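What you are looking at is a predicted structure, and each value in this text was computed from that prediction instead of being measured. As the structure lists them, so they are numbered: ligands from 1, and atoms in each ligand from 1. Both backbone and side-chain heavy atoms feed into the values below; hydrogens, waters and symmetry mates do not.
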Amino acid sequence: MRQAGRSLPEYRALRGSGTILDAIADADLACELTLQPVRRYGVDAAILYSDIVVPVAAIGFGVDVAPGTGPVVDQPFTSTADLQRLRPLEPDVDTPYVLDTVRNLVRDLPADVPLIGFAGAPFTVASYLIEGKPSRTWLRTKAMMHGDEPLWHALMDRLADLAITSLHSQLDAGARAIQLFDSWAGCLSPMDYERFVLPHSRKVFDAVARPGVPMIHFGVDTGELLGLMASAGATVMGVDWRVPLDAARTRVPDGMPLQGNLDPAVCAAPWDAVAAATRDVLARNAGNPGHVFNLGHGVMPELDPGILEQVVELVHAEGRADGVANADPA
Ligand code: CP3
């Protein structure tokens, strides 16, 4: 999950204090920052060190990521004229460092640890461009979607194209799975999600689908939206910690694999409690082979890496649904 590195002293030492966009633009550094949590935790997949705002920043929309805050925008998106500021992405020219990072990782990762590429879903990126900073109410975003529906769809269409181009370029460079983060979709009613968001996320999955490439879809607080989100075309549904995994299964199509969903904040408790919560996730999965164990959202910087290491060990020891023992991580 996002920001696994943040809990690591080696991440803080290497990351430096500049904007994260500079760290992402340094392919050797971004490669190393991707590898750190893989080495430390022995997880089964790597997630590319990048950010959901990289494509919009790279085409010059004027976006940065403020430490402790998140994405901030110089001149937020307000009108039709702003559409011109969202030209198509040319990955080789605009984000060559992302492609270099992916290629470095394909070279440096163990062969059995696939790299997950990712993009922000149109809605979540739109919400940052319109609000100009992280929001708790998404007031401007909702005002635009309901007040100027043609402009809303035009914006979402461009952001879908950016995600499609970015994801294709990551796959072409060697990523083996992709994840579409619609982190803030959970602020919407199912009616609004279906009308204003779903067609655009569906366009992304339809365009990116390749045989044998898993596509994961994730949002926070999306219990009420899981069924709709699962219909957008992803092959794996991410679940946050608010929905018990067994309940989540009833909300997605039969057989759809789930990713999740240990509450990351519970990992701040003593180990016995963390172990119990981890086992509860496994128990609710009840041996279903379609489960990618994960946290229900990002790692907080305060979390003890030792505890997270123990979570991975426990899941490796007890979590294989098919009963096959995992190779000794050493
Ligand atoms: O796990 C990883 O390190 C993979 C790389 C990754 C980052 N961002 C790097 C990052 C991924 C997959 C993301 C996705 C992302 N970025 C999402 C979607 C996933 C989710 O967790 O919901 C969102 C909403 C963002 C936007 C964003 N970027 C936020 C809200 C923040 C937090 C700001 C803060 O400091 O608390 C960021 C910053 C960010 N992106 C960090 C990292 C490692 C942490 C701070 C840093 O090192 O600068």
Next on the checklist: Counting only nitrogen or oxygen atoms and a 3.5 angstrom limit, does R15 reach ligand 1?
Outcome noted: yes
Checklist outcome for this item: ligand 1 to V65, heavy atom cutoff 4.0 Å, flagged ligand atoms 28 (N), 37 (C), 38 (C)
Checklist entry - Backbone, side chain, both or neither: what part of S50 comes under 4.0 angstrom of ligand 1, heavy atoms only? => result backbone
Next on the checklist: Heavy atoms only, cut-off 4.0 Å: how does R6 contact ligand 1, side chain, backbone, both, or neither?
Outcome noted: side chain
Checklist entry - Counting from 1, what ligand 1 atoms have a heavy atom of P71 closer than 4.0 Å? => result 26 (C), 27 (C), 29 (C)
Checklist entry - What do you reckon, does T124 have a nitrogen or oxygen under 3.5 Å from a nitrogen or oxygen of ligand 1? => result no
Item to check | The one among F181, Y49, Y128 that brings a heavy atom closest to atom 24 (C) of ligand 1 | outcome: Y128
Extract all donor-acceptor atom pairs below 3.5 Å that involve side chains of residues 216-230 and protein atoms in other chains or at least two apart in sequence.
residue	atom	partner	partner atom	Å
H217	ND1	M229	O	3.4
T222	OG1	G219	O	3.1

Item to check | Side chains of F196 and T141 in contact at under 4.5 Å (non-hydrogen atoms) | outcome: no
Checklist entry - Are F205 and F123 linked, directly or through other ILVMFWY residues, by side chains that come within less than 4.5 angstrom of each other? => result no
Checklist entry - Y11 heavy atoms, cut-off 4.0 Å: which ligand 1 atoms fall inside? => result 43 (C), 46 (C), 47 (O)
Item to check | L48 touching ligand 1 at heavy-atom level, < 4.0 angstrom | outcome: yes
Checklist entry - Can you name the ring-ring contact (aromatic ring centres under 6.0 Å, His included) partners of F77, sequence neighbours left out? => result none
Next on the checklist: Any non-hydrogen side-chain atom of I59 less than 4.5 Å from a side-chain atom of R87?
Outcome noted: yes
Checklist entry - Between D100 and R103, is the closest basic N to carboxylate O distance under 4.0 Å? => result yes
Checklist entry - So is G298 close enough to ligand 1, meaning a heavy atom under 4.0 angstrom away? => result no
Checklist entry - Below 3.5 angstrom, do we get any N/O pair linking G68 and ligand 1? => result yes
Checklist entry - Does the side chain to side chain donor-acceptor pair (under 3.5 Å) test come out yes or no for H168 and R210, once each step is laid out? => result CA-CA 10 Å; H168 270 307; R210 298 184 185 188; 2.9 Å; yes
Item to check | Test log, rule side chain to side chain contact (heavy atoms under 4.5 Å, CB included), inputs T165 and E90 | outcome: CA-CA 8 Å; T165 308; E90 292 182 65; over 6 Å; no
